[in-house]
Amino acid sequence: QVQLVESGGGSVQAGGSLRLSCAASGGAGRPYCLAWFRQVEGEDREEYALASLSATTGARYAESIKGRFIITEDAAKNTVYLEMENLKPEDSAKYYCAGGRTYYPCGSRIQRFFDYWGQGIQVTVSS
């Protein structure tokens, strides 16, 4: 069974930067597709991924974070990253790493198509 473990969250002031990491282990290795979602406290997890990455679809982003967040990977480490810049208080949320066995979830970026989920990690941005 694939396991996804997030790290790198924490507290930062508005305008600051953070890099989240998601390490994949178990199963047949890194899922074909990896993505990041977030959930604001008191709300449902966003239906569409903030960012997704697969060899077939490339990197795809939600409009709300384009130009500020970048998804990258280190294939040797089976790790995907979410590099976040110019953070805003409204970016405060629990961030989840998700994986898919095929490229399809990364194409749609819709959460119900993803097969694996991490436990999530908190990011808090203060004004």
Side-chain angles (χ1 to χ4, degrees):
Q1 181 71 8
V2 172
Q3 289 187 320
L4 302 175
V5 179
E6 303 97 337
S7 62
S11 297
V12 65
Q13 288 193 326
S17 302
L18 278 176
R19 187 177 78 160
L20 304 182
S21 301
C22 171
S25 63
R30 177 198 182 282
Y32 191 81
C33 151
L34 283 165
W36 290 94
F37 289 79
R38 69 184 177 189
Q39 182 175 12
V40 174
E41 188 174 359
E43 299 181 7
D44 292 333
R45 187 161 55 200
E46 293 181 7
E47 182 179 7
Y48 289 89
L50 295 171
S52 65
L53 182 65
S54 78
T56 301
T57 61
R60 296 191 174 190
Y61 298 95
E63 287 296 325
S64 61
I65 54 88
K66 266 186 182 178
R68 296 192 300 123
F69 293 8
I70 298 175
I71 187 169
T72 60
E73 68 171 329
D74 184 334
K77 295 182 179 179
N78 282 340
T79 299
V80 68
Y81 304 97
L82 185 66
E83 306 198 35
M84 306 184 293
E85 297 182 347
N86 191 21
L87 284 160
K88 304 174 182 180
E90 53 263 41
D91 293 317
S92 297
K94 195 167 187 179
Y95 285 70
Y96 292 88
C97 180
R101 289 190 288 261
T102 70
Y103 74 89
Y104 187 79
C106 280
S108 70
R109 295 185 16 253
I110 297 173
Q111 66 164 318
R112 69 176 181 269
F113 294 129
F114 284 81
D115 304 295
Y116 314 109
W117 291 88
Q119 293 299 306
I121 194 161
Q122 183 67 35
V123 170
T124 302
V125 184
S126 58
S127 56

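Excluded from the calculations below are hydrogen atoms, water molecules and symmetry mates; all remaining heavy atoms, backbone and side chain alike, are included. As the structure is a computational prediction, the values presented were derived from the model and not from experiment.
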Which heavy atom of [X] sits nearest a heavy atom of [Y], and at what distance?
X: Gln111; Y: Arg45; answer: OE1-NE, 3.1 Å
X: Gly100; Y: Pro31; answer: O-CB, 3.6 Å
X: Ala49; Y: Ala62; answer: O-CB, 3.9 Å
X: Ser21; Y: Trp36; answer: O-CH2, 3.6 Å

(Q) Can you confirm if the aromatic rings of Tyr61 and Phe69 lie within a centre distance of less than 6.0 Å? (A)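 Judged by ring-centre distance (under 6.0 Å), Phe69 and Tyr61 do not meet the cut-off.
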Joint hydrophobic cluster, [X] plus [Y], side-chain heavy atoms closer than 4.5 Å:
X: Leu4; Y: Ile121; answer: yes
X: Phe113; Y: Tyr116; answer: no
X: Leu87; Y: Ile70; answer: yes
X: Tyr96; Y: Tyr32; answer: no

Q. If you measure from SG on Cys22 to CD on Glu73, what distance do you get to the nearest 0.5 Å?
A.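 Separation between the atoms: 11.5 Å.
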Q.
Return the CD to OG distance between Gln13 and Ser127, rounded to the nearest 0.5 Å.
A.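 Rounded to the nearest 0.5 Å, the CD-OG separation comes out at 9.0 Å.
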How about [atom1] on [X], more than 12 heavy atoms from neighbouring residues, nucleotides or ligands closer than 6.0 Å, or not?
X: Gln122; atom1: CD; value: yes
X: Gln39; atom1: CD; value: yes
X: Glu90; atom1: CD; value: yes

(Q) The test is side chain to side chain contact (heavy atoms under 4.5 Å, CB included); show your working for Val123 and Arg38 and say whether it passes. (A) CA-CA 10 Å; Val123 170; Arg38 69 184 177 189; over 6 Å; no
Side chains of [X] and [Y], heavy atoms from C-beta outward: is any pair under 4.5 Å?
X: Phe114; Y: Cys33; result: yes
X: Ser25; Y: Asn78; result: no
X: Glu47; Y: Arg112; result: yes
X: Val2; Y: Asp115; result: no

Measure from the side-chain N and O atoms of [X] to the backbone N and O of [Y], and report whether any donor-acceptor pair falls under 3.5 Å.
X: Ser92; Y: Val125; answer: yes
X: Glu6; Y: Gly120; answer: yes
X: Arg60; Y: Gly107; answer: yes

Q: Might you work through the side chain to side chain contact (heavy atoms under 4.5 Å, CB included) test for Cys97 and Leu34, ending with a clear yes or no?
A: CA-CA 7 Å; Cys97 180; Leu34 283 165; 4.1 Å; yes
Q: Evaluate the ring planes of Phe37 and Trp117, with Trp represented by its six-membered ring, and classify them as parallel (under 30°), tilted (30 to 60°) or perpendicular (over 60°).
A: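 Geometry flag for Trp117 against Phe37: tilted rings.
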Q: Applying side chain to side chain contact (heavy atoms under 4.5 Å, CB included), run through Met84 and Ile65 and close with a yes or a no.
A: CA-CA 9 Å; Met84 306 184 293; Ile65 54 88; over 6 Å; no
Q | Thr72, Asp74, Leu20, Leu53 screened by side-chain contact (heavy atoms from CB on, under 4.5 Å) with Val80, the one that passes | A |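 For Val80, the side-chain contact (heavy atoms from CB on, under 4.5 Å) test succeeds with only one of Thr72, Asp74, Leu20, Leu53, which is Leu53.
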